Amino acid sequence: MKTLLDADYVTRDNKAVIRLFYKTDGVRTIEEVTDFDPYFYAVPEGDIDDLIKDLKNVPHVVRTVKKKMIYIGKEIDVLQIVVQEPGNVPEIRGQVRELPHCGGVKEASIPFTERYIIDSGRIPMQDADFANLRIAAVDTEVYNPHGMPEADKNPIIMISYADSLGLKKVWSYRHTTVPDYVEVLKDEKEMIKKFVETIKAQEIDLIVSYNGDNFDFPYLKDRAAKYKFELELGIDGSTIKMERRGMNNGARVKGRPHVDLYPPCRQVFNISRYTLEDIYKELFGIDKKDIEVEHLASVWDGKDQVKLNELYEYSLSDAEATLRIAIALLPLQYELSRITGQPIYECSRSTSGQRVEDLLVKTAHEKNILVPNRPSDRIAEERTRNPYEGAYVVEPEKGIHDNIALFDFRSLYPSIIISHNIDQATVDCKCCPGKEEHHQSPTGHFFCKKQRGFLPDTLEILVKRRMEVKKEAKAESDPEKKKLLDVKQQALKILANSMYGYFGFARARWYSREGAEAIAAYGREYIHKTIEEAKHQGFKVVYGDTDSVYITKPSETDQKKLMEDAKAFAKTINSQLPEAMELEFQGFYPRGIFITKKRYAVMDEKGNLTVKGLETKRRDWSEIAKKTQTDVLNALLQDKDPQKAADIVKEAVKKIKTGNVPLSDLSINTQITRGMGEYVNEGPHVQAAKKAMKEHGYEYKQGTIMTYVITKKGTSISDKARIMEDVVEGDYDQEYYIDNQVIPAVARILESLGYSEDELKGKGKQKTLFDF
DNA sequence: TACCAGAGGAG
DNA sequence: AAATCCTCTGGTA
């Protein structure tokens, strides 16, 4: 059993040495590779031997190797240029590019360690599982008398720790009676040192945190630096290193990878907020103990032993929750790491575009394909400025419908890519000139039928592997093994579903605008044909989006016969589709209400409500508005009772007017999507953030989700917006929550049934359904 | 009132 | 640093 946890290189005697950090049969080992040299490729312009002659004057070139590789579907001559040290590559690449017989350099920006992993075929995280890796979760509590703690002034007061061996600790330094899991150290310095020592003593393989990249580790590092020591957490005794990774930070621990669970949580879960408590609730359905951080300093300074003990308990619960979340999330991260070939530290922080690209770069090597360069910023910006036509959305038949059948295409875009061989290298090929000989796309471009494209091929492998794994999972009786197979299947699905987006991704090495356009155009064609056929067979198409259709047949009152007709319709469609494509029956809904494109609700036979796009599904609407909307939808679709719906709205309005609605039902979540200085228009969430910055010194990084309330005091809505923690219960703008939250959320639904907005607001003389 | 920037959802 | 399509809000002129 051998698990590759991390890799790097060091330079020794002007030579790069790759270090592979393994856990081998329960023991940590470092394997060194000294015979791997850095290299890149040059594409000759003219005779390759002239290029070799040009190279005589370039220093640090160890040797050159003539090769034949595939570039955009064609075999070309390339020269592999092997150099002394990885550090030489940027300079030599620059020189080679300028040589008279050089037509360009390739694969010069693939990091050396990554290059080695790919070329050697090593697979990171192979055989990694809960049983053979030691995982430790860490969390810190920081003294914060005035809002945001500052590392040069405010000490860390507690470090909590929980590992997979069962050790649970809170380290601190207040000399009072403490619970048994708390260990009191001399001071902050000794506390931090104790944490580092424990990681080593417990022989931890993987460190996990929640937001450790941006908070705990930079803070720990700064505090340690204040005491003139370093956080030597690396398996080789090296110190933790803060890296900038694009827009984000990464806290890197050598050989003992640190996985910050925050980025994976943002990718995996679709929830309103991403605090540790929110994730814990989402995963395990349990409310985790939480404290109000603003009281932290006073508890620490105070004499209330009970409160202090509560703080210890809370601190430990954070580390325990982090460990539990890690155990739930890591298997998928391990699998993505294995498939893409990226070590877990990198892979857990990768975006989907990066992951697809990592997989492609790795696969390209196996197929002797020369990796295209990344586009320049100028080209990437140019691509972004020119979007292409995407999916088709059917204008819904607004209002309530009965007996609705839903059909959709199984993996529409992946199956189009595979079926029509869509690729950079197959577009408008020379070898398939006749109409019958190629895949004619609706954009006018066509795709080769003779030579398989690299992306369709790679995608097909993913899809086939996924089908196999799903089959294995189905046959597996051991629940543990079944779960692992399911995770494997999920990882393959994630990558397969990202492939279409990658075609149109401006910074992609294998970017293909023609490809992306053709995929979308084929998609539109398939859905249009499906709609036409449905109509032809006497159905009404109530709604459809991209790859789905909601159809009804009002003339058919017998449900059983309706289902037979619907299935016959799907059969007709499927008989005309390429093999990899399929229109599937997805569900039957006795009732549904369609408001606008991308906003509707349907109810199944068991009374389960599915809502799409409406306020209920959005984080930037208050709970009171969302709850009222859901209740109204149930009244209409389940009870078929508009009067009940009206009463629900009246009740909500009445409740708001009492002034007793708790803030938790009034808060609105909105993400800060840019730097504070970049806003042209400052909406409520930005102004709430600015007030909090002024009053507490809080920082709001890009990506933060603000939680705010519209209070009584102020002029405009933005002026009244304040972060929730600064608002006292009862201080809310009743008019705003009635007119701008509850009423609009229900009005659009009821308007679609023919009630006017004035009617809803109780205007006019006539007494209406909504007479508030 | 018309327009926009901004946000977040659907698929 | 995955694509586009789409609706809706709050602020401003």
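Reminder, nothing fancy here: chain letters follow the sequence lines and each chain counts from 1. Everything numeric here is computed off the predicted structure, so don't read it as measured data.
Toward the 5′ end of DNA chain C lies the nearest nucleotide of A:Ala506, the other residue of the pair A:Glu395 and A:Ala506 mapping further downstream.
Residues from residues 377-390 of chain A placing a heavy atom under 4.0 Å of any atom in DNA chain C, listed by number, are A:Pro387, A:Tyr388, A:Glu389, A:Gly390. Proximity of residues 541-550 of chain A to DNA chain B (heavy atom under 4.0 angstrom from any strand atom) is restricted to A:Asp545, A:Thr546, A:Asp547.
The shortest distance between the side-chain N/O atoms of A:Arg599 and the OP1/OP2 oxygens of C:dC8 is below 4.0 Å. Within the structure, every side-chain polar atom (N or O) of A:Tyr413 is placed at least 4.0 Å from both OP1 and OP2 of C:dA2. Close to C:dC6, at under 4.0 Å from its OP1 or OP2, lies no side-chain N or O of A:Lys598. For A:Asn497, no side-chain nitrogen or oxygen approaches OP1 or OP2 of C:dA2 to under 4.0 Å. Distances shorter than 4.0 Å separate some side-chain N or O of A:Arg619 from OP1 or OP2 on B:dG8. Between C:dG10 and A:Ser716, no contact under 4.0 Å exists linking OP1 or OP2 to a side-chain N or O. Residue A:Gln671 places at least one side-chain N or O closer than 4.0 Å to OP1 or OP2 of B:dG8. OP1 and OP2 of B:dG6 both lie 4.0 Å or more from every side-chain N or O belonging to A:Arg618.
Among the nucleotides C:dA1, B:dC4, C:dT7, the one closest to the side chain of A:Lys597 is C:dT7. Checked against C:dT9, C:dT7, C:dG10, the side chain of A:Thr596 finds its nearest nucleotide in C:dT7. Side chain of A:Lys617, nearest nucleotide from B:dG6, B:dA10, C:dA2: B:dA10. Listed candidates were B:dG9, C:dC5, C:dC8. Nearest to the side chain of A:Arg748 is C:dC8. In this structure, the nucleotide among B:dG9, C:dT9, C:dA1 sitting nearest to the side chain of A:Phe505 is C:dA1. Out of B:dA10, B:dG6, B:dG8, the shortest distance to the side chain of A:Tyr600 is found at B:dA10. When distances run from any side-chain atom of A:Val680 to the nucleotides B:dG8, B:dG6, C:dG11, the shortest one goes to B:dG6. Here the side chain of A:Asn740 is nearest to one of B:dG9, C:dG10, B:dG6, namely C:dG10. Closest to the side chain of A:Tyr679, from the set B:dG6, C:dA1, C:dG10, is B:dG6.
Between the CG atom of A:Leu614 and the C1' atom of B:dG9 there is a distance of 11 Å, rounded to whole Å. One atom, CD1 of A:Ile743, and another, C1' of C:dC8, lie 17 Å apart when rounded to the nearest Å. At whole-Å resolution of the value, NE2 in A:His685 and P in C:dG10 are 12 Å apart. Following rounding to the nearest Å, A:Gln687 (CD) and B:dA5 (C1') show an atom-to-atom distance of 14 Å. Distance OH (A:Tyr502) to P (C:dA2): 11 Å, rounded to an integer number of Å. Remark: P of C:dG10 and CG of A:Asp739 are 11 Å apart, rounded to the nearest angstrom. Nucleotide B:dG6 holds its P atom 13 Å from the CE atom of A:Met676, rounded to whole Å. Distance, A:Trp621 CH2 to C:dT9 P: 5 Å, rounded to whole Å.
A:Gly683 comes within contact range of no nucleotide atom at all, as no heavy-atom separation falls under 4.0 Å. A:Ser352 comes within 4.0 angstrom of a base, heavy atoms only. If you check every strand for non-hydrogen atoms under 4.0 Å, A:Ala516 touches nothing. Counting non-hydrogen atoms under 4.0 angstrom, A:Tyr736 reaches the backbone sugars and phosphates but no base. At the heavy-atom level, A:Arg355 lies nowhere under 4.0 Å from the strands shown. Within 4.0 Å of A:Gly501, counting heavy atoms only, lies at least one base atom of the nucleic acid.
Under the side chain to side chain contact (heavy atoms under 4.5 Å, CB included) criterion, A:Asn634 pairs with A:Met603, A:Leu609, A:Thr630, sequence neighbours left out.
Within the 6.0 Å centre-distance limit, the rings of A:His528 and A:Tyr392 are counted as a close aromatic pair. Aromatic pair A:Phe407/A:Tyr550: ring centres not closer than 6.0 Å.
In this structure, A:Arg383 satisfies the cation-pi test against A:Tyr511, with its NZ or CZ atom closer than 6.0 Å to the six-membered ring centre and inside 45 degrees of the ring normal. A cation-pi arrangement is present between A:Arg266 and A:Tyr274, with the terminal nitrogen or guanidinium carbon under 6.0 Å from the aromatic centre and inside a 45° cone about the axis. Taking the centre and axis of the six-membered ring of A:Tyr388, the NZ or CZ atom of A:Arg513 falls outside the cone set by 45° and 6.0 Å.
Looking at A:Arg273 and A:Thr707, their side chains do bring a donor and an acceptor atom within 3.5 Å of each other. Counting only N and O atoms by type, the side chains of A:Asn249 and A:Asp213 include no donor and acceptor under 3.5 Å apart. Under the 3.5 Å distance criterion, with hydrogens and angles disregarded, a donor-acceptor pair is assigned to the side chains of A:Glu615 and A:Gln629. Using modelled atom types and a 3.5 Å distance limit, the side chains of A:Tyr522 and A:Tyr413 yield no donor-acceptor pair. Counted by atom type alone, A:Thr275 and A:Asp278 present one or more donor-acceptor pairs between their side chains at under 3.5 Å.
Among all heavy-atom pairs drawn from A:Ala251 and A:Met242, the shortest one is CB-SD, 3.7 Å.
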